[in-house]
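What follows is a short report on a single structure.
The first residue of the sequence shown is numbered 1, and numbering continues consecutively from there. No experiment lies behind these values; they were computed from the predicted model shown.
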Amino acid sequence: MDIHLEEVARGGWSNQVEFFLSCVGYAVGLGNVWRFPYLCYRNGGGAFLIPYILSLALVGLPAFFMELAFGQFASLGPITIWRVCPLFKGIGFASVIISALVSISYNVVIAYAMYYLIVSIVNMDTNVPWATCGNPWNTIYCRSETQRVTPGMNESEKINVTLGTMNTSCVDAKLHSLGWKFEDLTYNYTSNNLSDCSYKNMIKTPSDEYFSNFVLGLDKADGIGGIGDLSPKLVAVLLLAWLIVFFALKKGVKSSGKVIYFTATFPYLVLIILLVRGVTLDGYEKGLEFYLVPKFDKLADPRVWTDAASQIFYSLGPAFGSLITMSSYNPFHNNCYRDSILVAVINCGTSVFAGLAIFSVLGFMSEVTNRPVQEVAADGPGLVFVAYPEAIARMPYPPIWAFLFFFMLILLGLSSMFAMVEAIISALADEYPGVLRRHKSILTFVVCLLLFFAGLALVTNGGIYVLTLMDAYSGSYSLLFVCFCEVTGIAWFYGWRRFSEDIEIMLGFKPNIYWIATWTVIAPIFIVGVLIASAIRFSPSHYEDYQFEQWAQNCGWGLVALPLVFLFGTAIIQIIRYGGFKNATTPQDNWGPALDENKKGRYAIGQDNKGFEADEKEANLENGIEMKKKNGVTNGDSITVQF
């Protein structure tokens with residue numbers, strides 16, 4: 001038997017600051033800027049913080065700490081780590097699929113922001129192109145200033161014509177009978193007699209038409225079934241976005257850990273600058289009032305509680321595999337308990353702080369357009385590519401503020417992207433270490449290239465339709481279900497007693513009753529409750545007023561089903577492979593801390609309910625060779641033994 005011993009280094013963080021900032025960068029993403037402020041305003045202002053903090057305590061923080069401790073203990077990616085309970089190995093595959101699907105759409109949004117950033121730089125000495133009408137991409141419905149008209153009616157029938165609204169509404173047929181063209185008016189009128197609507201409002205802001213007609217080319221698309229041609233400019237910036245991800249990850253956490261110093265910290269400086277600028281604008285107090293003033297009666301609405309739970313869940317990001325991956329590169333005795341609490345608090349604090357910066361500017365937008373704050377407030381792309389740019393265009397030196405805003409968006413997005421893509425790469429490298437771990441740069445390139453090609457459908461003329469559909473389905477029900485399986489798999493099948501003893505070996509103390517109660521009972525029930533509430537409140541996916549056809553909705557449900565097929569399919573295969581359910585739920589012999597310089601000692605697995613015991617015996621060469629023999633190594637094979 002010809003044996004060549006070679007150490008395959010898995011790698012690790014250069015220091016704990018890199019790990020901590022990576023967790024912060026992963027948790028603090030685009031959702032903190034374009035979703036939380038809107039949810040807070042819509043669900044009771046300051047009162048929304050009550051269900052938000054409760055959701056954090058009952059499910060967000062427990063799941064966050066569980067994944068950090070789980071990954072740190074085993075030093076394995078989200079697939080291979082399930083040697084702790086082979087039945088649940090499908091959780092790892094499902095997490096990787098969800099991360100891949102979300103990464104595809106997430107990086108397209110980053111590409112949009114990159115395009116706006118480049119445009120801001122090019123126009124630094126003039127003005128942003130979405131500030132005015134009269135451009136080739138504008139239509140006759142573009143309006144850039146507020147106007148008031150009185151179409152020959154009495155005082156009670158005055159029409160307050162507010163130009164630039166994004167919402168779809170209508171005007172009364174009586175206006176048409178008076179000779180007024182409905183496209184010259186918007187819905188925001190006051191009258192005792194004009195209540196029956198028959199015409200759609202066609203007024204658009206310059207920023208709306210710039211995003212829809214020029215950046216996206218949406219006017220050239222024919223629904224989701226006719227998404228049109230590729231947009232060369234968007235393809236180029238999407239390629240640039242994926243190249244940045246590749247170069248940041250090509251050496252694993254050794255390279256991404258260096259980049260994260262900047263991508264995780266600089267957005268806070270930009271947020272501070274935007275907030276200072278926002279509170280110097282006219283009308284800022286309107287925005288802050290709508291955002292923060294508590295409306296406690298809203299707490300009686302069940303939707304408020306489901307929104308809070310969903311936001312906590314998607315913001316902290318359990319079940320994507322990223323937290324397990326990042327913590328798997330930690331030293332064995334790193335205080336992941338402290339890290340989980342600090343990151344969760346920073347994430348929630350950032351959401352609230354970002355809302356101050358966003359809504360102070362939206363208050364200014366309300367002031368200059370003579371519209372209520374609730375009509376300029378939006379979430380998602382409508383906020384960051386239409387409403388906020390429209391406000392920026394009305395500030396002095398708009399290219400500077402546009403540059404800062406979109407640069408912040410790019411950094412927030414990239415920090416989250418690094419963690420999601422690294423989870424995919426580490427999962428594959430740990431599952432197939434013989435080849436993939438030794439050629440991780442090539443693996444990273446292939447993964448980024450495949451995800452880039454998969455995202456090309458999203459940078460066509462109608463690509464925003466595909467992006468919206470993927471965003472609505474790919475990280476929704478399946479993610480919640482995977483998290484439920486993960487929590488119950490660790491707490492009940494592996495056993496909370498065993499898991500508590502694992503944590504004691506690492507940190508020197510066992511989790512208290514709060515963690516045990518949330519892991520075993522509260523968090524699973526909470527997740528099921530959110531799943532049921534989300535199903536009850538389900539509405540078909542749509543983009544603005546266009547609701548996607550049923551066949552497209554079915555494709556969306558296919559995205560939900562895909563990771564679940566791997567989850568259940570793998571469970572069936574494991575039961576057959578291990579000769580029964582009991583064996584498939586028993587930890588494998590190679591489960592435990594990795595035998596590397598950070599984690600000395602071998603973890604002896606006990607097969608009883610009292611948990612595991614640790615001894616300090618070093619792994620030796622014979623153990624490694626014997627393990628390779630069990631895996632089918634024959635004479636003449638060249639093997640690699642990892643220490």
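- At most 12 heavy atoms of other shown residues, nucleotides or ligands fall within 6.0 angstrom of atom OH in Y397.
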Hey, mind stepping through L362 and L383 against side-chain contact (heavy atoms from CB on, under 4.5 Å) and telling me if it holds?
-> CA-CA 9 Å; L362 293 183; L383 171 64; 4.1 Å; yes
Intermediate values then yes/no, side-chain contact (heavy atoms from CB on, under 4.5 Å), I110 and Y106 | CA-CA 7 Å; I110 295 174; Y106 207 83; 4.1 Å; yes
Apply salt bridge (Lys or Arg N to Asp or Glu O under 4.0 Å) to R42 and D301, showing your working.
-> CA-CA 11 Å; R42 189 181 73 179; D301 185 355; over 6 Å; no
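- Side-chain atoms of I312 and C348, non-hydrogen and from C-beta on, do get closer than 4.5 Å to each other.
- With hydrogens and angles ignored, the 3.5 Å screen pairs a side-chain donor or acceptor of S415 with a backbone N or O of T263.
- Nearest approach of L412 to P267, heavy atoms of both residues: CD2-CB, 3.7 Å.
- The shortest side-chain heavy-atom distance between S212 and D219 does not fall under the 4.5 Å cut-off.
- Of the possible donor and acceptor atoms, none in the side chain of N43 sits under 3.5 Å from a partner among the backbone N and O of F48.
- Contact of the L323 side chain with the F65 side chain is not registered, since no non-hydrogen atoms from C-beta on lie closer than 4.5 Å.
- Using a distance-only test at 3.5 Å, with no hydrogens or angles considered, a donor-acceptor pair links the side chain of N138 to the main chain of N135.
- The minimum heavy-atom distance linking Q311 with G31 is given by the pair NE2-O, 3.7 Å.
- Distance alone, capped at 3.5 Å, is enough to place a donor-acceptor pair between the E209 side chain and the T139 backbone.
- Side-chain contact of R303 with T306: a donor-acceptor pair under 3.5 Å is absent, judged by distance alone.
- Side-chain N/O atoms of T350 and Y268 include a donor and acceptor closer than 3.5 Å.
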So Y473 and Q553, side-chain hydrogen bond (donor to acceptor under 3.5 Å, both in side chains) or not? Walk me through it.
-> CA-CA 9 Å; Y473 288 100; Q553 307 288 350; 2.5 Å; yes
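- Using a 4.5 Å heavy-atom threshold, the side chains of V361 and M395 count as touching.
- The side-chain contact (heavy atoms from CB on, under 4.5 Å) test with L218 is passed by exactly one of F211, Y543, Y546: Y543.
- Between the side chain of N123 and the main chain of S120, no donor-acceptor pair closer than 3.5 Å is present.
- Between L356 and L292 the shortest side-chain heavy-atom distance falls below 4.5 Å.
- The two residues L316 and L61 come nearest to each other via the heavy atoms CD1-N, 4.1 Å.
- For the residue pair L238 and G455, the shortest heavy atom distance occurs at CD2-O, 3.9 Å.
- Taking both residues in full, the closest heavy atoms of F418 and I244 are given as CE2-O, 4.3 Å, listed atom of the first, atom of the second, then distance.
- A donor-acceptor contact shorter than 3.5 Å links the side chain of W401 to the backbone of P396.
- With F359 as the fixed residue, the ring-ring contact (aromatic ring centres under 6.0 Å, His included) test singles out one of F364, Y291, Y388: Y291.
- Remark: N32 CG to N347 CG distance equals 5.0 Å, nearest 0.5 Å.
- Annotation: side chain of Y112 is not in contact with side chain of L409 (no heavy-atom distance under 4.5 Å).
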Step by step, work out the side-chain contact (heavy atoms from CB on, under 4.5 Å) result for L234 and V215.
-> CA-CA 8 Å; L234 291 182; V215 177; 4.2 Å; yes
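- Taking every heavy atom of both residues into account, A419 and M326 meet most closely at CB-SD, 4.0 Å.
- When side chains are defined from C-beta on, T468 counts as touching I464, because their heavy atoms get closer than 4.5 Å.
- The main-chain N or O of G355 is never found under 3.5 Å from a side-chain atom of Y41 such that the two would form a donor-acceptor pair.
- Salt bridge R394/D282: absent, no basic N to carboxylate O contact under 4.0 Å.
- Put simply, the side chain of Y26 gets close to the backbone of G317: a donor and an acceptor are under 3.5 Å apart.
- Annotation: the span from M124 atom CE to T126 atom OG1 amounts to 9.5 Å, rounded to 0.5 Å.
- When ring centroids are compared, Y116 and W130 come within the 6.0 Å threshold.
- If you take CZ on F262 and OG1 on T265, they are separated by 7.0 Å, rounding to the nearest 0.5 Å.
- Between Y210 and W137, the ring-plane angle classifies as perpendicular under the 30° and 60° cut-offs.
- At distances below 3.5 Å, at least one donor-acceptor pair connects side-chain atoms of S99 with backbone N or O atoms of F320.
- Atom-to-atom distance recorded for I392:CD1 and L404:CG is 9.0 Å, nearest 0.5 angstrom.
- In this structure, the side chains of M470 and L559 come closer than 4.5 Å at one or more pairs of heavy atoms.
- If you take CZ on F290 and OG on S366, they are separated by 7.0 Å, rounding to the nearest 0.5 Å.
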Criterion side-chain contact (heavy atoms from CB on, under 4.5 Å) on V119 and V128, from CA distance to verdict = CA-CA 7 Å; V119 169; V128 290; 6.0 Å; no
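- In this structure, CZ in R35 is found 6.5 Å from OG in S310, a value given to the nearest 0.5 Å.
- With S105 contributing its side chain and V102 its backbone, the two residues share a donor-acceptor pair below 3.5 Å.
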